[in-house]
Amino acid sequence: MQLPSSILQDRLRAAVAAVCPEADLQSVQVRPCPDPKFGDYQATALMALAKARRTNPRQLASEVLARLEAQDLCETVEVAGPGFVNFRLRPQAVADAVAAAAEEELPFVNRAAQPRTIVIDFSSPNVAKPMHVGHIRSTILGDCLARVFRQLGHRVITDNHLGDWGTQFGMLLLGWKRFLDPDNLARDPISEMERLYKTVHAACQEDPAMMEAARRELVRLQAGDPENRAIWQEMTARSRAEFDRIYERLGVRFDYTLGESFYHPRLQAMVDELVRLGLARESEGAKVIFFDDLPDLKDTPLIIQKSDGAFNYATTDLATLAYRIETWHPDEILYVTDGRQQLHFRQVFAAFRKWRPEAAGVKLVHVWFGSILGEDGRPFKTRSGETVKLADLLDEAEERALQVVSAKQPDLPEDLRRRIARVVGLGAVKYADLLSNRQSDYVFSWERMLSLTGNTAPYLQYAYARIASIFRKGGLSPETARAAVAQGFRLQTPEELALGRHLLDFGLVLEAVAEDYRPNYLCNYLFELAGRFTRFYETCPVLKAPEPERTHRLYLCEVTARVLRLGLDALGVEVLEQM
Ligand code: ARG
């Protein structure tokens, strides 16, 4: 069934088209009203439209409303303030839409009429280095965006752009040949590679001959020397095995892991082409793209080949972009990295626009995020001052969640408590990360994220489990509640109605997340949903209510649980039927 908000939007667009035939109807949208005092939904587009036509916005709004048939769905449709249109739904329209969800696999969501292809580049850790807290944000945020776009019916391609190529391999190869500790490699390959890198790096500071030796190893690798190639391959394979363990724990998967090395064979030809096209030119021996025509980039030219012939991060990113567009024909490419790479992506995007003007229709977005801070407000570090490794962080999350679960449910058998703790601990870490506005730094607090009250994953997971327990207590299956409500579903008390109204907005919130790449909207939606459910459950008896209220309320519980589960799933957070 079509949702009331989208029916109203279609009708409003038709009315607008009749009054202003020139209007861009895409801009006419019916969205949740920011303040429920004024209505359930709001359309703001008429104000801009009136401005463009130089007419009075309230006047225009009333002309449009005169042509809008909305009585069947709305109690009131009003022009407010400078020309907003506010809609208030009839309770029965809300109830009908909630009842229709019984049939729907993905309730309250409008699947995209025109699915887009979206490439998401996220996580992308560097070989031979541990994944650290910075990568957790990229991994969790990127995975969540992939899930949201998929739920909305888009085609998503995820690509882990592994840092598996670059100058660090000169030192790593040298270290591998001279200082390798095989026992340590077997025990903890990434820490051994990290140690090799640090050892050689330190030696290079003292000894220019060391530096020269490392440089020669790099040149050999790039020239395809079999020995160096084999070592490089082993380093990559061992790193990937470690990364995969983390992805497995987090439930994150990639369609592709091409990595930087994949593009290396294409780089020289690309640079030559850019020079031939006059887009790159030689400057002090290097090949450089200048942005003289772009005021914000004119002082930051982009080097794509250094004077010693080496390529860099940006060279690879340019070639990657071209490959992705040629191969997958995306409408949109997202890069999920921290905010320090903003200049890099502005340069790469600008260079690409010059190089491939025919791809101007592809939307390129740097979805950047801030840092994670410790409770002292400084960058999040271990007690001894080192960067926090992701694997250790996840271990600690499960360990701390186990304490929380054990305090609440001391009688459960230990393996069950551990199972719950895994879901709660990982859910808490993910949720805390997605809850903060991605562009601001946030303070990492175990206490806050694992709290059973407040806007946290455990709180929402408990809300879900509580609903599941209502069904268990009643000896009922959710399917029965769904079937029973096929006809005559009604929402009667203010609490039922408030909950029902909120359910209707699930899909609109997913759309807003996809539009701004901000999962925090969904977190806040789910938190509000759990709150409205609690108010309903505290005021309206469910199992003890007489029929037909009992069935109706059970159904309301069932839909709420389903939306909670789907919403948490879009965030990559699991739920449990029993906690
Ligand atoms: N490997 C990089 C890092 O760890 C992130 C790569 C992001 N993706 C890209 N196409 N540049 O910071």
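First listed ligand is number 1; within each ligand, the first listed atom is number 1. Just so it is clear, the structure is predicted and the values come from calculations on it, not from any experiment.
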Item to check | Pi-cation contact, Phe290 with Arg281 (under 6.0 Å, within 45°) | outcome: yes
Checklist entry - Listed by chain and number, what are the side-chain contact (heavy atoms from CB on, under 4.5 Å) partners of Asp441, not counting sequence neighbours? => result Ser371, Leu373
Checklist entry - Contact residues of ligand 1 with a heavy-atom cut-off of under 4.0 Å? => result Asp121, Ser124, Asn126, His135, His161, Tyr313, Asp317, Tyr335, Thr337, Gln341, Phe345
Checklist entry - What distance do Arg266 atom CZ and Thr320 atom OG1 have between them, rounded to the nearest 0.5 Å? => result 9.0 Å
Checklist entry - Between Asp188 and Lys389, is there a salt bridge with N-O shorter than 4.0 Å? => result no
Next on the checklist: Enumerate the salt bridge (charged side-chain N to carboxylate O under 4.0 Å, His left out) contacts for residues 124-140, please, sequence neighbours excluded, ordered by first and then second residue.
Outcome noted: Arg137-Asp433
Item to check | Within residues 292-319 or reaching into it, pairs that qualify as salt bridge (charged side-chain N to carboxylate O under 4.0 Å, His left out) - sequence neighbours excluded | outcome: Asp293-Lys354, Asp296-Arg346
